[in-house]
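Worksheet: one structure, shown below.
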Amino acid sequence: MTRWIDNLAILLALLGLWYLAWWQAGDSAITPPVQTLKFALYLLGSADFWPHVWATVLAFLYALAISAVLGITLGLVLGLHRFSGEVFEPILASFYTIPKVTLYPLMLLIFGLGLSAKVAFGVIHGMIPVTLFTLAAVKNIPGVLTRTARALRLSPRQTALHVLMPAVLPEIISGLRIGFALTFLGVLIGEMFASQRGLGFLIINGINQHDVARTTAVIVIVVTAAVLANGALLRLDRHARHDV
Amino acid sequence: MSTPTAHATLRGVTRIYPSLVHALGPVDLDLRQGEFFSVVGPSGCGKSTLLDVLAGLSAPTSGTIAFEGRPVNGVPDGVGVVFQEDSSFAWLNVQDNVAFGLRRAGMEAAEIKRRVEYALGFMGLRDFATAFPAQLSGGMRQRVCIARTLVMQPRLILLDEPFGALDQQTRLLMGDELLRLWRETGATVMLITHALDEAAMLSDRVGVMSSRPGCFIDLAVTDWPRARDSRIVSDPAFGLLTARLWSSLRAESMKAIGRVA
Ligand SMILES: Nc1ncnc2c1ncn2[C@@H]1O[C@H](COP(=O)(O)OP(=O)(O)OP(=O)(O)O)[C@@H](O)[C@H]1O
Ligand SMILES: [Mg+2]
């Protein structure tokens, strides 16, 4: 119940800020809420819009799958192999903090324009948090849990399946949640730099053509989708932690 | 009266960690069939290390350990352990935690249900059967771990400071529960504790360990009747026993905190 009221308050505050921004910056930079929502609804109803949505969704799903599989695998390997974990973790962490924008020219040279570049942009943003969370989860498994498994005379397979996996799962889900958001961000950036299709392209194209109504509407659609997805994942995250 | 037989035997057992910390021994000890044995000793003296090697969780550096006549190599069937740290599984609710070992052992569902219900009742956890560990206090989580060990019906139960997180009153009452458990199951119990009164009240024998490397410097026999409970603390013999344990331990405890006795 109070959740509901909180969410409503946040929404109203955002709308207020939006009006304020419009009032300050004017029609040449941003359109006000009601007008934008109308235009967003128009876009959602138009046949020209949906191919861009599917282009983004497709690139995002590829990138997310690669981020998840590579990130979890690498995290497990580094976490279980103590020495390589100690060597690579700081490298990964520093890679995580460098601005990925410096890599864009390189990415364009390697992948050219199109789907593979968009996917690559998504992966370089999304994979590292998944790796780091998985690595930390494996390293931080309390020793007493594996000792308990041995005291209950579990086989190595039972230990992996019934103790180690559930112990690391909540952390991995948190990593995936953050990886999800950053992969999405990466794909949108990839579309801005390296594509003629997708929501990121629509935004950058709208900016170039001074189509303020379209740009604002697309941004609102993207943000709404991202917030909804993040909310759902957060709930999954909490559920996995039994933090009810 | 028959002479009590040894249930577990340690001979010349030492443990030196790879970091060259000499943590334990040499220790010679016979745990008698069905006795309640407590271990007290200054902190860091090697009590948990003793439990580890006796349970077969780690190999001694030297010496031999036998359980029911067979050398210990890995955790033997019939030994149950409750660790010093909280070892409840955060992803399982209380009843699934308690049923965990039985399920992995492939026991039939009806028997699991029967044993789990009994253990939940015994440990006062019935109202929390579907709660998750995060929703329980530290003391209750430790009870979940005891119940998880109990349902396996071990013949030798090793407990490492299971009531460390509890207040004094609750600790006395949990001690009574432990005595009841011991009487009902007929198991041999080794309890590690830092509370001298707890050791004196519960045990048939109390082993006092020196500071690290831990060796037994005193073995006190209590001669309590089997049907005892926490009211024994008002017995004059209880006071004498606690005083004896403390005089054995005082010098060692001072060494452990870096003072000369
Ligand atoms: N894995 C390990 N590697 C190296 N040293 C260890 C290890 N585990 C314990 N020790 C050391 O061995 C000694 C005995 O440790 P142990 O945990 O057995 O003591 P304890 O009597 O159980 O202490 P406490 O009363 O604090 O529980 C301590 O000095 C401890 O620092
Ligand atoms: Mg200890």
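Order of the sequence lines fixes the chain letters, A, B, ..., with proteins taken first and strands second; residue numbering starts at 1 for each chain.
Taking 4.5 Å as the heavy-atom cut-off, the residues of residues 131-146 of chain A that approach chain B are A/V144, A/L145, ordered by number. Residues of residues 142-162 of chain B that come closer than 4.5 Å to chain A, counting heavy atoms only, are B/R148, B/M152, ordered by residue number. Using a 4.5 Å heavy-atom cut-off against chain A, the contacting residues of residues 55-69 of chain B are B/G56, B/L57, B/S58. At a heavy-atom cut-off of under 4.5 Å, chain A is reached by B/F100, B/G101, B/R104 from residues 92-114 of chain B, listed in order of number.
With respect to chain A, the highest number of heavy-atom pairs below 4.5 Å among B/D52, B/V79, B/V81, B/D77 belongs to B/D77.
Heavy atoms closer than 4.5 Å to chain B are found in both the backbone and the side chain of A/A167. With a 4.5 Å cut-off on non-hydrogen atoms, B/P76 touches chain A through its backbone but not through its side chain. The part of A/R153 that comes within reach of chain B is its side chain, from C-beta onward, which places non-hydrogen atoms under 4.5 angstrom from that chain.
No more than 12 heavy atoms of other residues, nucleotides or ligands sit less than 6.0 Å from atom OH of A/Y62.
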